[in-house]
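The structure appears right after this line, and notes come after that.
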Amino acid sequence: MTFEREAFDPETLVPGYHEPVLPTGEPDAATIAASETRTRHWSSSRQGKRIKYGSDEHKQMMCRMFGETFNPYRPSVLKWPTLDDAALHRITSLPIWDIAVQTEGKARLRMAAYARTIADPEMRNALAQNAWEENRHKEVLSKMVQHYGIPLVPEPPYEYPKDPEWAYLVTGYSECIDSLFAFGLFKVAHDSGLFPPELIDTFEPVMQEECRHILLFANWVAWHRRNLNLFQRIAFEWKVFRVWCFLGMERMDLAKSLDADGNEHAQDNNFTVTGAQSVTEQDLSVAKLMATCLSENDRRFAGYDPRLLRPTTMPFLVKCALPILRFFEKHK
């Protein structure tokens with residue numbers, strides 16, 4: 001099954017799912033502030049009680065969190081500020097836009113495809129909503145590149161995954177990796193002053209939504225594996241191991257793409273780590289960037305119920321690498 005770039009209908013793909021009804025018109029400042037607060041802070045009404053991961057209570061908690069922290073912004077009313085020549089050049093020269101748009105295009109379909117396979121109606125609805133929000137991210141990026149005249153290569157058709165669970169795991173773990181570094185880079189860009197604050201503010205809801213997405217994914221993994229029998233669990237863990245191997249190999253390669261004239265370009269999938277100098281004029285070391293990524297990761301998750309599981313693999317690896325990075329940078 002093949003979908004063209006704009007052909008995406010989660011209500012058709014996922015039985016029983018209904019898209020959220022968004023408010024019309026431009027929201028006022030008080031409405032935006034209330035939405036931002038609701039998106040960043042959530043606690044279960046059953047305070048203090050320990051939960052059993054994989055239980056029905058755990059499932060209800062993660063699904064309620066995801067539904068109640070929804071931010072109802074509309075991409076069509078986002079304000080794109082006027083950029084001076086230097087800021088416009090910095091934005092248009094970042095080698096990430098083709099990958100970013102296509103990644104969101106694949107993510108929305110992969111999540112909807114997996115949601116379609118889930119029997120539990122609450123979990124199916126939460127993952128379908130996740131797919132809808134990924135599509136909204138794609139709309140935000142598409143409107144931004146159109147507004148600033150950023151050239152993109154033609155989008156390929158999006159293929160319905162043959163193994164929806166594999167595709168969902170690849171997308172979920174990939175977001176866990178990329179979001180950690182994106183949080184840090186976004187903070188560096190915010191503090192650098194090289195971009196208008198209005199542009200940073202426009203992307204802020206998207207960044208926090210990514211935090212919600214990986215929070216849901218981390219808890220889904222725990223819920224899912226606890227409800228598998230022994231043989232299913234072994235097969236699942238083997239699949240997770242293969243996913244991590246696949247993502248490791250993918251990030252060691254350069255993505256190749258063709259522009260509209262047929263010229264080949266290399267785009268760095270590791271831009272979130274190596275491209276910090278594109279968003280700041282400071283002499284930013286790798287160790288300082290990694291420390292910023294960790295602190296921003298903690299800040300973005302701080303407002304959610306502490307009993308919900310957080311992604312741990314990439315923060316753990318970065319924490320292990322930090323002393324080594326600092327040692328070599330000190331003696332360089």
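For the single chain, residues carry numbers from 1 onward in sequence order.
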Interatomic spacing from [atom1] in [X] to [atom2] in [Y] - rounded to 0.5 Å:
X: L216; Y: M65; atom1: CG; atom2: CE; value: 5.5 Å
X: R64; Y: S43; atom1: CZ; atom2: OG; value: 10.0 Å
X: Y53; Y: M62; atom1: OH; atom2: CE; value: 10.0 Å
X: Y158; Y: E104; atom1: OH; atom2: CD; value: 9.5 Å
X: H224; Y: M123; atom1: NE2; atom2: CE; value: 10.0 Å

Please determine if [X] and [Y] form a salt bridge, counting it only when a charged side-chain N lies under 4.0 Å from a carboxylate O.
X: R108; Y: E139; answer: no
X: R307; Y: E57; answer: no
X: K187; Y: D191; answer: yes
X: R212; Y: E68; answer: no

Looking only at heavy atoms, what is the nearest atom pair of [X] and [Y], with distance?
X: P161; Y: L109; result: CD-CG, 4.4 Å
X: T39; Y: T69; result: OG1-O, 3.3 Å
X: Y148; Y: P81; result: OH-O, 2.6 Å
X: S295; Y: T292; result: OG-O, 3.0 Å
X: S44; Y: D305; result: N-OD2, 3.0 Å

Taking the side chain as C-beta and beyond, is there a heavy-atom pair between [X] and [Y] under 4.5 Å?
X: I150; Y: M144; result: yes
X: Y168; Y: M111; result: yes
X: F66; Y: E133; result: yes
X: F246; Y: L169; result: no
X: L78; Y: K143; result: no
X: P72; Y: S35; result: yes

Closer than 3.5 angstrom, by distance alone: can the side chain of [X] be matched with the main-chain N or O of [Y] as a donor-acceptor pair?
X: R233; Y: L228; answer: no
X: R124; Y: P15; answer: yes
X: N219; Y: L309; answer: yes
X: R40; Y: G303; answer: no
X: R225; Y: W223; answer: no
X: E329; Y: V286; answer: yes
X: S192; Y: A189; answer: yes
X: T92; Y: H89; answer: yes
X: Q208; Y: R300; answer: yes
X: N297; Y: L180; answer: no

Qualifying residue, where the test is side-chain hydrogen bond (donor to acceptor under 3.5 Å, both in side chains) with D56 and the options are H58, K52, K59:
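Of the listed options, the one satisfying the test is K59.
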With a 6.0 Å cut-off (strictly less than), is the heavy-atom count around [atom1] of [X], excluding the residue itself, greater than 12?
X: H18; atom1: NE2; answer: no
X: Q232; atom1: CD; answer: yes
X: D84; atom1: CG; answer: yes

F241 and W244: aromatic ring centres closer than 6.0 Å?
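Centroid distance F241-W244: not below 6.0 Å, so no.
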If you take the centroid of each ring, where Trp contributes its six-membered ring, are Y114 and W220 closer together than 6.0 Å?
yes
Decide whether H190 and E204 meet the rule of one side-chain donor and one side-chain acceptor closer than 3.5 Å.
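No donor-acceptor contact under 3.5 Å links the two side chains.
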Just jot down the side chain to side chain donor-acceptor pair (under 3.5 Å) partners of R74, sequence neighbours excluded, or say none.
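Applying side chain to side chain donor-acceptor pair (under 3.5 Å) to R74 gives none.
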Count I, L, V, M, F, W, Y as connected when their side-chain heavy atoms are under 4.5 Å apart, and connections chain through other members. Are I32 and I200 then in the same cluster?
no
So if you build clusters from Ile, Leu, Val, Met, Phe, Trp, Tyr with side-chain heavy-atom gaps below 4.5 Å, do I324 and L322 land together?
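No, because I324 and L322 fall into different hydrophobic clusters, even though each may have its own neighbours under 4.5 Å.
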Salt bridge (charged side-chain N to carboxylate O under 4.0 Å, His left out): which pairs involve residues 16-32, sequence neighbours left out?
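Counting only pairs at least two positions apart or across chains, the salt bridge (charged side-chain N to carboxylate O under 4.0 Å, His left out) contacts touching residues 16-32 are E26-K79.
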Tell me, please, which residues at least two apart from D163 pass side chain to side chain contact (heavy atoms under 4.5 Å, CB included).
E165, W166, K239
